[in-house]
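First the proteins, then the strands, lettered A, B, ... as listed; each starts at 1.
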There are 2 protein chains.
Amino acid sequence: MEEREFAALREEMPADEVLYDLAELFKVFGDSTRVKILYALFERELCVQEIADLLSLSQSSVSHQLRILKDAKLVRFRREGKSMYYSLDDDHVRAIISMGMEHVEE
Amino acid sequence: MEEREFAALREEMPADEVLYDLAELFKVFGDSTRVKILYALFERELCVQEIADLLSLSQSSVSHQLRILKDAKLVRFRREGKSMYYSLDDDHVRAIISMGMEHVEE
DNA sequence: TGCACATATGAACACATGAACATATGAAAG
DNA sequence: CTTTCATATGTTCATGTGTTCATATGTGCA
């Protein structure tokens, strides 16, 4: 490859930090428990215990994973009495998962 | 939540195996070295050494990661003489990364 | 205030994973 | 067929990650 083209390719690469963040984001999707939780929230918001019951997971495990999803800004939450209701944060989440699904279902 | 609604939600969940595969797919995107390689291939196909030079990675590391990308069917490859040229497998890859980028750049 | 319920957090453990190094395979040229 | 170049593979090691169990926080109600 020519030196000039090589340099051009290099220029088009996003900053390392951006690519790092991108990988961090996908890492969050890269666990079946978290994917299950996200999918469960596709239909409607759910509280922690509902998610745990629905997916046959421990409350602790769900809570831990929800924290990771929360930190990645993939889910929102609101309090209602003693319960915390979680929901998908935005439509990017749906879009990303749907794209992944298309690839998987080939 | 009512028992009936609970059951309905359960029905809409994709099979465990599908969700497992989905998570496995995202896991592949969840490493900055692999994301860099995929991004490098956005513009055009590249051989192993070109990728290594472009990203300042060892040949071994690139090869290992390419194998993972290959197994996940995210990249194709063809031989040309002694070199192996890799390229993105389909447009899902671009779409998924682009979606992720949108989320990251908020 | 005291108790029960819902969720969050912390620590420990088992397991997965990426990087680095050495080595093997495979193709082309002499 | 031997050498060289390009790539692939195997192994080791340090680090990261998810789950479980125990415990803490927080809310509502008697």
Handout entry: All ring pair (Phe, Tyr, Trp, His ring centres under 6.0 Å) counterparts of B/F6, not counting sequence neighbours
Key = none
side-chain hydrogen bond (donor to acceptor under 3.5 Å, both in side chains) against [X], all qualifying residues, sequence neighbours excluded:
{"X": "B/R67", "result": "none"}
{"X": "A/E102", "result": "B/H92"}
{"X": "B/R10", "result": "A/S56"}
{"X": "A/R4", "result": "none"}

Completion exercise
Contact check, residues 24-31 of chain B vs DNA chain D, heavy-atom distance under 4.0 Å, returns none
Problem - Of residues 32-55 of chain A, the positions that come close to DNA chain D - non-hydrogen atoms, cut-off under 4.0 Å - result: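 DNA chain D contact set from residues 32-55 of chain A: A/T33, A/R34.
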Practice task
Let me have a per-nucleotide readout for nucleotides 22-30 of chain C, 5' to 3', with B, S or -, counting only protein heavy atoms under 4.0 Å.
Solution key: B----BS--
Handout entry: Under-4.0 Å salt bridge between A/K27 and B/D31
Key = no
According to side-chain contact (heavy atoms from CB on, under 4.5 Å), who are the partners of [X], at least two apart in sequence or on a separate chain?
{"X": "B/R78", "answer": "B/E45, B/E80, B/Y85"}
{"X": "A/V62", "answer": "A/I37, A/V48, A/I51, A/A52, A/L57, A/L66"}
{"X": "A/S60", "answer": "A/S58, A/H64"}

For a quick test of your reading: what N or O donor-acceptor pairs under 3.5 Å do the side chains of residues 70-77 of chain A make, sequence neighbours left out?
| unit_1 | atom_1 | unit_2 | atom_2 | d |
| --- | --- | --- | --- | --- |
| A/R76 | NE | A/D89 | O | 3.1 |
| A/R76 | NH2 | A/D89 | O | 3.3 |

